[in-house]
There are 2 protein chains.
Amino acid sequence: MGITRSDLFTDKQNEFAQLAKVFGHPARLAILEFILKSNSCICGDLVEELGLAQSTISQHLKELKNAGIIKGNIEGASVCYCINEEKWYEMKLIFNELFDRYPNSKDCC
Amino acid sequence: MGITRSDLFTDKQNEFAQLAKVFGHPARLAILEFILKSNSCICGDLVEELGLAQSTISQHLKELKNAGIIKGNIEGASVCYCINEEKWYEMKLIFNELFDRYPNSKDCC
DNA sequence: ACTATTCATCGTAATATTGCAATATAAAGT
DNA sequence: ACTTTATATTGCAATATTACGATGAATAGT
């Protein structure tokens, strides 16, 4: 039904999924990679860089910001976005906590 | 329009997003965690464990399998699923490649 | 052969996501 | 004040995802 049964899962699972979902779109990855590359911050160069409409980019930025992955600083008429350091490390930790849970032992079915 | 403009992004970005999307649902995380915990393999205990309909679980398993994260072995009437070791390490690598790209330097806007 | 069990697939309904144009807001320059 | 520039928000339309019941296929036990 398009609706996720969040009630069936733990908070951790729901939060993890929410985070992973942000990575689940190439535009948002491209935005992140652009920010990582430009090192310093950015605003709406993304529009010409990515080839998506301005409103679409803005929407993706909003989701990245809501997830806490980036933060934006108003800088005159424009907004400068950059990685949110704390969240970035938290994510790295959370994902690796999952990745490192395998393998416990070896053989399988 | 609900359709992703994959043509605008690199293969790597599209593939990464595709992978991340699989983690973007708590049911699939719960399935993975159950497999990780049970260490050995599983089949349809997931249905009673998670509380979702059998067809729903099956669908999620299919997506996990399509992404290559798990693999299934037919075992009589039932199917035993387990982590796909290679893919698991590949994912760990890919995600950490991204995570480790920050920080290059320090100050931001 | 018949039945029960296990899983996959199909069809469908409800909701979410993606994308864009149009419009709104807000600061900066003139 | 007026215009330009930069970004956010709103209102769609198209497509994707999630979930379930019903049905199908395959094996195991009787």
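First the proteins, then the strands, lettered A, B, ... as listed; each starts at 1.
- Glu75(A) comes within 4.0 angstrom of nothing in the nucleic acid, heavy atoms only.
- Under 3.5 Å, the side chain of Gln59(B) and the base of dA8(C) form no donor-acceptor pair of N or O atoms.
- Under 4.0 angstrom from either OP1 or OP2 of dT17(D) there lies no side-chain N or O belonging to His60(B).
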Show the atom names and distances, to 0.1 Å, of all donor-acceptor pairs under 3.5 Å that link a side chain in residues 21-32 of chain B to residues at least two apart or in another chain.
from, atom 1, to, atom 2, distance (Å)
His25(B), ND1, Ala27(B), N, 3.0
His25(B), NE2, Thr4(A), OG1, 3.3
Arg28(B), NE, Val22(B), O, 2.7
Arg28(B), NH1, His60(B), ND1, 3.0
Arg28(B), NH1, Glu63(B), OE1, 3.3
Arg28(B), NH1, Glu63(B), OE2, 3.4
Arg28(B), NH2, Lys21(B), O, 3.2

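- Here Phe99(A) pairs with Trp88(B), Phe95(B) under the ring-ring contact (aromatic ring centres under 6.0 Å, His included) rule; sequence neighbours left out.
- Within the nucleic acid shown, Ser78(A) comes within 4.0 Å of sugar-phosphate atoms alone, with no base atom in reach, counting heavy atoms only.
- If you check distances only, the side chain of Gln54(B) does reach the base of dA8(C) with a donor-acceptor pair under 3.5 Å.
- At dT17(C), one or more side-chain N or O atoms of Lys21(A) fall inside 4.0 Å of OP1 or OP2 (strictly under the cut-off).
- Sequence order on DNA chain C of the closest nucleotides to Glu63(A) and Ile3(A) puts Ile3(A) first from the 5' end.
- One finds a salt bridge joining Glu90(B) and Lys87(B) here, because a Lys/Arg side-chain nitrogen approaches an Asp/Glu carboxylate oxygen to under 4.0 Å.
- Following rounding to the nearest Å, Ile31(B) (CD1) and dA19(D) (C1') show an atom-to-atom distance of 13 Å.
- The residue Ile74(A) sits apart from the nucleic acid: no heavy atom pair falls under 4.0 Å.
- If you check every strand for non-hydrogen atoms under 4.0 Å, Thr56(B) touches a base.
- If you check every strand for non-hydrogen atoms under 4.0 Å, Lys65(B) touches nothing.
- Close to dG21(D), at under 4.0 Å from its OP1 or OP2, lies no side-chain N or O of Ser55(B).
- Between Tyr81(B) and dA8(C) there is a side-chain N or O to OP1 or OP2 distance below 4.0 Å.
- At a threshold of 4.5 Å between non-hydrogen side-chain atoms, the residues Leu36(B) and Ile83(B) count as touching.
- Whole-Å rounding puts the Leu52(A) CG to dT7(D) P distance at 15 Å.
- The pair Glu97(B)-Lys92(B) does not meet the salt-bridge criterion, since no charged nitrogen lies less than 4.0 angstrom from a carboxylate oxygen.
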